[in-house]
Amino acid sequence: MLADTMQILRNGPNSAGAEALLKFYLDNPSVQARLAERLSVTPPSLDAVAMMSEAARANIPSSPEAFQAIVKHDSAWIAANQARMLDTWNVWIQRQ
């Protein structure tokens, strides 16, 4: 499973606009559904899943049980371990 995220860049040129866009996305399951269909990803809400086409829903884990089983990232841990993760990535990518 691919984990997709939306993020607001620190010191970006329009943080307020980015925050408003993210809030719009999260507050509107119909928008989530359309974007998920276009990008072939799982939307963040079950309401959005219900709004997707049958064909798009067939490509995602759409049961409540599957949603509960999806591994969710821990932003605080990622932030605290960013340097270690980058070092590990660089070692791995240089071996490829």
Side-chain angles (χ1 to χ4, degrees):
M1 169 165 282
L2 177 66
D4 293 305
T5 63
M6 292 185 170
Q7 301 172 12
I8 298 173
L9 298 176
R10 184 183 315 141
N11 301 320
N14 187 358
S15 295
E19 192 171 318
L21 178 62
L22 186 56
K23 181 175 178 359
F24 172 76
Y25 173 74
L26 293 173
D27 288 346
N28 291 283
S30 63
V31 174
Q32 297 169 22
R34 289 194 310 265
L35 186 62
E37 285 198 10
R38 290 289 212 116
L39 299 178
S40 297
V41 297
T42 302
S45 75
L46 290 174
D47 291 338
V49 171
M51 296 176 185
M52 295 171 68
S53 70
E54 188 175 325
R57 282 195 311 269
N59 291 321
I60 63 169
S62 57
S63 71
E65 295 81 16
F67 263 73
Q68 293 303 317
I70 292 173
V71 175
K72 295 154 185 84
H73 71 272
D74 180 343
S75 298
W77 185 92
I78 292 170
N81 292 279
Q82 184 176 7
R84 187 175 100 194
M85 291 171 53
L86 182 59
D87 290 343
T88 301
W89 168 259
N90 285 333
V91 167
W92 178 80
I93 200 70
Q94 290 173 7
R95 284 190 259 170
Q96 301 305 318

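Reckoned from all heavy atoms, side chains included, excluding hydrogens, waters and symmetry mates.
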Trainee: What closest approach, in Å, do P29 and A48 show between heavy atoms, and which atom pair accounts for it?
Mentor: O-CB, 3.3 Å
Trainee: Working to the nearest 0.5 Å, report the span between CG of L39 and CZ of R34.
Mentor: 12.5 Å
Trainee: Testing M51, M52, E37 one by one against P43 for a side chain to side chain contact (heavy atoms under 4.5 Å, CB included), which residue passes?
Mentor: M52
Trainee: Enter the distance from T42:OG1 to Q32:CD here, rounded to the nearest 0.5 Å.
Mentor: 12.0 Å
Trainee: Any donor-acceptor pair under 3.5 Å linking the side chain of E19 with the backbone of I8?
Mentor: no
Trainee: D27: which residues meet the salt bridge (Lys or Arg N to Asp or Glu O under 4.0 Å) condition with it, sequence neighbours left out?
Mentor: K23
Trainee: Where is the tightest heavy-atom contact between I60 and V41, given as atom of each residue plus distance?
Mentor: CG2-O, 3.9 Å
Trainee: Which heavy atom of R57 sits nearest a heavy atom of V49, and at what distance?
Mentor: CD-O, 3.0 Å
Trainee: Hydrophobic cluster membership, with links at side-chain heavy-atom distances under 4.5 Å among I/L/V/M/F/W/Y: are F24 and L26 in one?
Mentor: yes
Trainee: Ignoring hydrogens, what is the shortest heavy-atom contact between W77 and R84? Give both atom names and the distance.
Mentor: CZ2-NH2, 3.4 Å
Trainee: Report yes or no: does N28 contribute a side-chain atom to a donor-acceptor pair with the main-chain N or O of S30 at less than 3.5 Å?
Mentor: no
Trainee: Would you indicate whether the side-chain heavy atoms of L21 and M6 approach each other to under 4.5 Å?
Mentor: no
